[in-house]
J.: 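Below is the structure I would like to discuss, written out as structure tokens.
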Amino acid sequence: MLPPSSKPYLAKGMWSWCVDHGLTPYLSAKVAGATVPKGYDRDGEIVLNLSPEAINGLTFEPEGIGFQARFSGQVFDVWIPAENIVALFAKETGHGIALPNEMFTADEPGGEKPTPPESPGKGGSPGFKRVK
């Protein structure tokens, strides 16, 4: 069984960083399969303001991100499945994190899957190499 997606966890970290530094967190997501209001997307993607002042009930769950937001004065329950998350970034600086699906599933160049570093033995730390 595969573990849940890491996207919501990484997005939550970026969201916290933005809020902690007084920046406006924006979420970019694919709309296909998401619960978002119609007509606010561009080319199948939507960008949403996730600042605490703009939304209510924000939850980061292993399956995705949920919250309530107002669109043209109407409250709307938004649900973004984990696989739909594209990026989370600060509006003011553009600093953020892109989370494409390929980042987690694509083979490395040459057709080999990445492998974690080997541990030197029981109780040891992973075999990291120092690069100068």
J.: According to a hydrophobic-cluster definition based on side-chain heavy atoms being under 4.5 Å apart (Ile, Leu, Val, Met, Phe, Trp, Tyr only), do Phe76 and Leu58 belong together?
T.: yes
J.: For residues Trp15 and Pro52, report the shortest heavy-atom separation together with the two atoms involved.
T.: CZ2-CG, 4.2 Å
J.: Is the shortest side-chain heavy-atom distance between Asp41 and Val36 below 4.5 Å?
T.: no
J.: Are Ile46 and Trp79 connected, step by step, through hydrophobic side chains (Ile, Leu, Val, Met, Phe, Trp, Tyr) whose heavy atoms are closer than 4.5 Å?
T.: no
J.: Return yes if some donor-acceptor pair links the side-chain N/O of Lys7 with the main-chain N/O of Ile85 below 3.5 Å, else return no.
T.: yes
J.: What about Tyr26 and Ile55, same hydrophobic cluster or not, with Ile/Leu/Val/Met/Phe/Trp/Tyr joined at side-chain heavy-atom distances under 4.5 Å?
T.: no
J.: Would you compute the distance between atom SG of Cys18 and atom CZ of Phe89 and round it to the nearest 0.5 angstrom?
T.: 9.0 Å
J.: Hey, is CG on Asp43 packed in by over 12 heavy atoms from elsewhere, all under 6.0 Å?
T.: no
J.: Answer whether the closest heavy-atom distance between the side chains of Val19 and Pro25 falls below 4.5 Å.
T.: yes
J.: Pairs under 3.5 angstrom only: tabulate donor-acceptor contacts from the side chains of residues 61-72 to other protein residues two or more places apart or in another chain.
T.:
residue, atom, partner, partner atom, Å
Glu61, OE2, Thr59, OG1, 3.2
Gln68, NE2, Asp77, OD1, 2.9
Arg70, NH1, Gly73, O, 2.9
Ser72, OG, Tyr40, OH, 2.6

J.: Find out whether Leu48 and Ile80 are in side-chain contact, i.e. whether some heavy atom of one side chain is under 4.5 Å from a heavy atom of the other.
T.: yes
J.: What heavy-atom pair brings His95 and Met14 nearest, and what distance separates the two atoms?
T.: O-CE, 3.8 Å
J.: Once rounded to the nearest 0.5 Å, what's the spacing between atom OG1 of Thr93 and atom NE2 of His21?
T.: 10.5 Å
J.: To the nearest 0.5 Å, how far apart are NZ in Lys12 and CG in Leu50?
T.: 13.5 Å
J.: Could you grab the distance from atom OG of Ser5 to atom CD of Glu83, nearest 0.5 Å is fine?
T.: 7.5 Å
J.: Within a strict 4.5 Å, meaning less than it, do heavy atoms of the Ile97 and Trp17 side chains meet?
T.: no
J.: State, yes or no, whether a side-chain contact exists between Lys30 and Val86 at a heavy-atom distance under 4.5 Å.
T.: yes
J.: So do Asn49 and Thr24 actually touch side chain to side chain, heavy atoms under 4.5 Å?
T.: yes
